[in-house]
There are 2 protein chains.
Amino acid sequence: MKKVGEPPPKTRLLRAAAALLAESNGEPVSTRQITQAARVTAPTLYHHFGDKEGLFDAVVAEGFSEYLDAERNLPTSGQPVEDLRMHWDNHVQFGLDHPHLYLVMFGNIRPEHRPSMVASAEAFLEEVLVRAAAAARLVVTPREAARSILAANIGVTLMLIAEPAAKRNLELSAMTREAVISAVATDSEADPTTDTEGSPSVVVAAIALNAALQSSHPDQLSSSELKLFLEWLQRISSRSGS
Amino acid sequence: MKKVGEPPPKTRLLRAAAALLAESNGEPVSTRQITQAARVTAPTLYHHFGDKEGLFDAVVAEGFSEYLDAERNLPTSGQPVEDLRMHWDNHVQFGLDHPHLYLVMFGNIRPEHRPSMVASAEAFLEEVLVRAAAAARLVVTPREAARSILAANIGVTLMLIAEPAAKRNLELSAMTREAVISAVATDSEADPTTDTEGSPSVVVAAIALNAALQSSHPDQLSSSELKLFLEWLQRISSRSGS
DNA sequence: TAGCACCTATAGCGGTGTTATATGAACTGA
DNA sequence: TCAGTTCATATAACACCGCTATAGGTGCTA
């Protein structure tokens, strides 16, 4: 007869591994510790996960999806740049809450091995940035912006994890956050290319581009292409309403 | 009789460990491999380094002093902010040259354990920034600036190491570098929205227009025209050409 | 020569990741 | 009902790992 409240060995292994990894301060955790804590013998571990590394990967993947869920469930403020700040802070907080997990997730990324999850974190951030771009707040490609922001976010979080919890200065995070955000997006007001509302002014942006093209001609377009391009730009710019 | 050109066992151990760590792609290296490669038996390792970790720490410390020496020997351009860029690039390059060493040095920093060396890297960067402050280019404390720059620098380098060498996009580095530097220092000549080359705000305007067009499609252009227009816009935005 | 640090080697201990093999449980089809 | 199959777990052992108690050179000083 089996207790009904008892999770199956597979999840018991996962939880035991996660708990032991979180407790033992970065020192290696043996499979024997894990199987003993899960009240299971060695072969069941290898039956379910194939490998010690397989088990650890599963733990990391679980932590990662926890992180992504948390990110996705953050409320949206309606102001894309403000959302960006929130996601940055959430990332840092996650790292400080699960330092060992975070070190494995972002500090140990070996080529060809782990970056698939990092890529999904990048992709999510890119979504947020696409919304910012739609509000004409972006100054570079959303993809480039996402990579840059994520890189800085990881660096800051690693640095904060590295120093003793008592002495942690979160201003490092805020400062770097503003630095990298302001280089990537123009904050709400004082921007000539945006309307008062969220709906950006295509006309203003077109005019700005038109003006910029007068002084420097890009060589990505042939002269004939450029001619037609400018004509269309002119047409867009001459539109009256918003 | 002993060969004279032969280094003593201690340095043989150090070199063998460094070489094996660099070769074997992040997978653990056993003491037996090391001692065999150094043509030495186990106890001499423990006599000289006390511990496997002691040996690895010595390797890391050596790599670290190599890094710091390289940083210190960089020429100074006389322009503090330009020096800052040079040190940033040198940091990234070091990470790409010694990826595994770098991962141990900056990706695995466990509290209470390794940050003494990170602290010295931070201190050196602070020196550079003090010179910038003396030139009245700084906007925040040199210490805060150093921490912020170093954090972003580490994050970018880790991210570049993580992706396959072929696909590495160094623009991520340049972009983040300018972001964090411009938030910390006022630069006389350079502008964060411009490349190292010369392509000015055309790109910015193109990206803004691109973003604006995502939410509202103008009716002055037919759908086929719009398609081509967007394609060109994309080409201009990607600034690869010049 | 004796004595004395220093450095290195022999041989082995306990622990680790892993697996060949076997046992049990649950479900299937006849 | 029961043989057959599949899945899940256990027993016991292997080869390797980090590490060390002990002992043996080696070169120096006296």
Side-chain angles (χ1 to χ4, degrees), chain A residues 1-62 100-101 103-104 108 110 113-114, chain B residues 1-62 100-101 103-104 108 110 113-114:
Chain A
M1 193 180 224
K2 219 174 162 186
K3 282 187 197 172
V4 282
E6 185 87 320
K10 183 169 180 178
T11 69
R12 261 185 297 160
L13 276 169
L14 264 177
R15 292 187 190 171
L20 288 176
L21 273 183
E23 292 166 19
S24 102
N25 256 25
E27 290 111 42
V29 179
S30 72
T31 59
R32 281 173 171 80
Q33 286 177 260
I34 297 172
T35 54
Q36 180 174 342
R39 297 190 315 285
V40 153
T41 51
T44 81
L45 190 163
Y46 293 90
H47 175 72
H48 287 292
F49 300 99
D51 216 346
K52 181 189 186 179
E53 198 178 339
L55 171 60
F56 283 15
D57 283 358
V59 171
V60 169
E62 217 180 36
H100 307 100
L101 192 62
L103 281 181
V104 181
N108 267 341
R110 305 203 298 245
H113 204 259
R114 224 163 286 271
Chain B
M1 192 183 227
K2 218 176 163 183
K3 283 186 194 172
V4 282
E6 185 87 321
K10 183 169 180 177
T11 70
R12 262 187 296 161
L13 276 169
L14 265 176
R15 292 187 189 171
L20 288 176
L21 274 181
E23 292 166 19
S24 101
N25 257 23
E27 290 112 42
V29 179
S30 71
T31 58
R32 281 173 170 81
Q33 285 177 260
I34 297 173
T35 54
Q36 181 175 341
R39 297 190 317 284
V40 154
T41 50
T44 82
L45 190 162
Y46 294 89
H47 174 73
H48 286 292
F49 299 98
D51 217 345
K52 182 190 187 180
E53 199 178 338
L55 171 61
F56 284 15
D57 282 0
V59 171
V60 170
E62 217 180 35
H100 307 99
L101 192 61
L103 281 182
V104 181
N108 269 339
R110 305 203 299 246
H113 206 258
R114 225 164 285 271

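Protein chains get the first letters and strands the later ones, always in sequence-line order, with residue 1 at the start of each. What you see is a predicted model; the values in this text were computed from it and never measured.
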Answer yes or no: does atom CD of Q36(A) have more than 12 heavy-atom neighbours from other residues, nucleotides or ligands under 6.0 Å? no
Expected rows: protein N/O vs nucleotides 14-22 of chain C N/O, under 3.5 Å:
residue, atom, partner, partner atom, Å
dG17(C), OP1, T31(A), N, 3.1
dG17(C), OP1, K52(A), NZ, 2.6
dG17(C), OP2, T31(A), N, 2.6
dG17(C), OP2, T31(A), OG1, 2.5
dG17(C), N7, R32(A), NH1, 2.8
dG17(C), O6, R32(A), NH2, 3.1
dT18(C), OP1, D51(A), OD1, 2.5
dT18(C), OP2, Y46(A), OH, 3.1
dT18(C), OP2, D51(A), OD1, 3.4
dT18(C), OP2, K52(A), N, 2.9

Rounded to whole Å, CZ of F49(A) lies from P of dA8(D) at a distance of 12 Å
Nearest-Å distance for atom pair CD/C1', residues E27(B) and dC17(D): 16 Å
Check step by step if side chain to side chain contact (heavy atoms under 4.5 Å, CB included) holds for K52(A) and T31(A). CA-CA 7 Å; K52(A) 181 189 186 179; T31(A) 59; 3.9 Å; yes
Name the residue from L20(A), L13(A), V104(A), L14(A) that meets the side chain to side chain contact (heavy atoms under 4.5 Å, CB included) definition with V59(A). L14(A)
Expressed in angstrom and rounded to an integer, what is the separation of H48(A) atom NE2 from dA10(D) atom C1'? 13 Å
Is there side-chain contact between L45(B) and V40(B), with heavy atoms separated by less than 4.5 Å? no
When rounded to whole Å, the CG to C1' distance for the pair L13(B) and dA9(C) reads 14 Å
Write down the distance between NE2 (H47(B)) and P (dA9(C)), rounded to a whole number of angstrom. 12 Å
Who pairs with E62(A) by side chain to side chain donor-acceptor pair (under 3.5 Å), at least two apart in sequence or on another chain? none
Pairs flagged by salt bridge (charged side-chain N to carboxylate O under 4.0 Å, His left out) wherever residues 34-45 of chain A is involved - sequence neighbours left out: E6(A)-R39(A)
Rounded interatomic separation in angstrom, taking CZ from R12(A) and P from dA8(D): 14 Å
Can you see if the side chain of T41(B) gets near the phosphate of dA9(C) - specifically, an N or O under 4.0 Å from OP1 or OP2? yes
